[in-house]
Amino acid sequence: MNKIVSRFAPSPTGYLHIGGARTALFSWLLARASGGEFRLRIEDTDRARSSQEATNAIIDSMKWLGLEHDGEIVFQSDNADRHNAVIDQLIETGHAYYCECSKEAVDAMREKAMKERRKPKYDGSCRESGLKSGVVRFKTPLEGTTAFKDMVKGPIAVENTELDDMILRRADGSPTYNLAVVVDDHDMGVNNVMRGDDHVNNTPRQILIYRAMGWDVPEFGHVPMILGPDKKKLSKRHGALSVMEYEKMGYLPEAVTNYLARLGWSHGDQELFTMDEMVELFSTDNLGNSPSVFDLTKFEWVNGQYMQRADPERLAGMLCDFLTREVGEEEAKSVSKSDFAKIAPLLQPRAKSIVDMLEQSRPFIVDAGFLPYDEAAVKKFLTDETKPLLEDIASRIEALDEYSEQTLEDLHRQFLEDKDIKFKVIAQPIRVAIVGATKSPGLFETMMVLGKTQTLARLKRAIEL
RNA sequence: GUCCCCAUCGUCUAGUCUGGUCCAGGACGGCGGCCUUUCACGCCGUUAACAGGGGUUCAAAUCCCCUUGGGGACGCCA
């Protein structure tokens with residue numbers, strides 16, 4: 001088989017949302033898995049609805065997800081002349097014809113057909129009229145069936161009588177989608193087309209154009225759509241967010257691609273895949289053919305898995321960026337990346353996202369004087385009984401020559417022995433004293449990250465509360 | 001209305017092509033427990049599904065038909 005050339009061809013009418021991202025991912029995987037090429041084409045022929053902003057957003061999203069494309073980005077609108085040349089050729093070869101029926105007349109035909117329980121379509125009245133102007137329509141064969149083997153759905157066949165004589169060139173001279181995709185895909189050498197489910201119906205029409213032009217018909221694969229929790233088509237309402245929204249919420253790109261891949265694709269019982277693994281294991285044979293629900297809970301689990309495995313340095317960098325975004329450059333300066341690099345490992349098993357991690361790192365990055373305390377926790381643990389104990393511990397820490405996790409542990413063990421009490425008695429009071437809350441990473445590792453000065457300052461402040 | 005597609009635990013799915021090893025496996029979630037200095041993580045256990053009905057067959061989640069339910073398309077949008 002020749003080298004696979006696949007593509008992703010979004011229309012820049014909005015942001016790239018997760019459904020589109022998954023299609024792009026599968027298409028990318030298809031190419032990469034076989035050492036083929038993955039092209040990107042922007043279908044911007046609907047000039048009224050297309051925008052540069054959306055184009056940029058799509059490109060940024062692809063980049064963030066790591067779906068690098070090969071070659072130059074093709075803008076469909078640049079190819080109008082070529083599209084028209086093909087249309088002219090189709091007319092010359094008798095595969096297309098001019099039609100002057102008004103929009104209203106065609107609407108009436110459709111309505112009539114619908115009433116007669118037939119499929120609504122143009123009736124072909126201008127087919128043999130030999131007109132020389134008007135829109136150009138494709139002369140769909142009157143009989144036979146058009147069939148293809150879908151890479152994900154299997155064999156699909158449609159009676160040609162079901163298809164109507166689609167318009168190839170509009171009254172204003174511009175080519176339509178069905179014509180443009182075929183020409184562009186052919187010109188770009190695309191031989192594997194992965195796209196959304198909603199295009200299955202277009203496929204037979206497009207195949208007919210390929211045949212009329214005598215071109216090789218590519219392989220098609222239609223991936224089912226992604227549903228919201230209510231099993232309805234994903235929409236803004238239930239968080240059909242754009243890919244970049246996920247970035248803003250602090251999710252990792254590899255978690256997004258992993259989760260998206262598992263939505264509709266599988267490799268036995270495996271849940272976690274690096275991009276490299278996916279490239280290695282991907283096959284359209286394992287693509288599912290039924291729609292799936294986007295489950296945020298499971299996605300968060302996947303993200304959590306990647307948070308745990310991530311390099312603390314990278315996390316630290318992200319934490320800095322997020323902090324800057326939140327409080328501005330000036331404020332964010334007070335915390336360095338190396339501070340975050342020390343904090344991150346403690347929070348990695350506990351944070352579901354970068355935003356979550358930043359939130360949890362709050363007690364670590366504020367000065368003792370500004371540490372917020374959970375009132376209920378203070379009331380419960382910083383009592384007249386525990387405060388003297390904390391005071392004792394504070395003075396012992398102060399006297400420490402070498403401040404390390406080991407010496408801290410030894411110090412506490414000795415303290416417990418001296419007082420003849422269990423660690424449980426002082427654990428929560430210490431915790432509340434140094435982080436202001438009842439939850440935190442391990443006490444000694446927390447003290448280490450905090451440093452001797454901050455630890456003591458917090459202990460002292462807690463005693464005063 | 002017409003055509004096309006889809007249908008396994010609440011969710012994502014394995015198994016379906018090449019019927020038997022599936023009284024259906026894994027994961028998320030839920031529940032219970034262990035670990036433990038809290039919270040997580042981790043570990044162990046548990047919960048829960050072949051949409052319904054007909055066939056074919058010694059044998060069907062797997063093959064065929066029908067029904068039901070869901071989705072998509074039917075544009076001088078892409």
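Chain A is the first sequence line, chain B the second, and so forth, proteins listed ahead of strands; every chain is numbered from 1.
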If you check the Pro120(A) side chain, which of rG1(B), rU2(B), rC76(B) turns out closest? rG1(B)
Could you work out which one of rG72(B), rG29(B), rC76(B) sits closest to the side chain of Thr297(A)? rG29(B)
Rounded distance in Å - CZ (Phe8(A)) to C1' (rA78(B)): 12 Å
Strictly by Watson-Crick or wobble contacts shorter than 3.5 Å, is anything paired with rG32(B), and which nucleotide is it? rC44(B)
Paired with rC76(B) by Watson-Crick or G-U wobble geometry, both distances under 3.5 Å: which nucleotide is it? none
How is Gln308(A) classified with respect to the nucleic acid when contacts are heavy atoms under 4.0 Å: base, sugar-phosphate, or nothing? sugar-phosphate
Say whether, by atom type as modelled, one donor and one acceptor occur between the side chain of Asn286(A) and the main chain of His267(A) under 3.5 angstrom. no
With the side chain defined as heavy atoms from C-beta on, Lys424(A) is closest, among rG29(B), rA7(B), rU37(B), to rU37(B)
C1' gap between rU18(B) and rC65(B), integer Å: 23 Å
Nearest-Å distance, CG (Asn201(A)) to P (rC77(B))? 18 Å
Would you say the side chains of Asp410(A) and Gln414(A) form a donor-acceptor pair under 3.5 Å? no
Which word best sums up how the rings of Phe148(A) and His222(A) line up, parallel for under 30°, tilted for 30 to 60°, or perpendicular for over 60°? perpendicular
For rC63(B), what is the paired nucleotide under Watson-Crick or G-U wobble rules, both distances under 3.5 Å? rG55(B)
Measure CG/Asp185(A) against P/rA78(B) and give the value in whole Å, please. 15 Å
Look at the side chain of Pro349(A) and decide which nucleotide, out of rA78(B), rC3(B), rA40(B), has an atom nearest to it. rA40(B)
Expected rows: protein N/O vs nucleotides 12-15 of chain B N/O, under 3.5 Å:
unit_1, atom_1, unit_2, atom_2, d
rC12(B), OP1, Val293(A), N, 2.8
rC12(B), O2', Arg262(A), O, 3.0
rC12(B), O2, Lys298(A), NZ, 3.4
rU13(B), OP1, Gly264(A), N, 2.5
rU13(B), OP1, Ser292(A), OG, 3.3
rU13(B), O3', Ser266(A), OG, 3.4
rA14(B), OP1, Ser266(A), OG, 2.9

How far does the C1' atom of rA27(B) sit from the matching atom of rG71(B), given to the nearest Å? 26 Å
Applying a 4.0 Å non-hydrogen cut-off, can you work out what Arg169(A) is touching in the nucleic acid: base, sugar-phosphate, or nothing? nothing
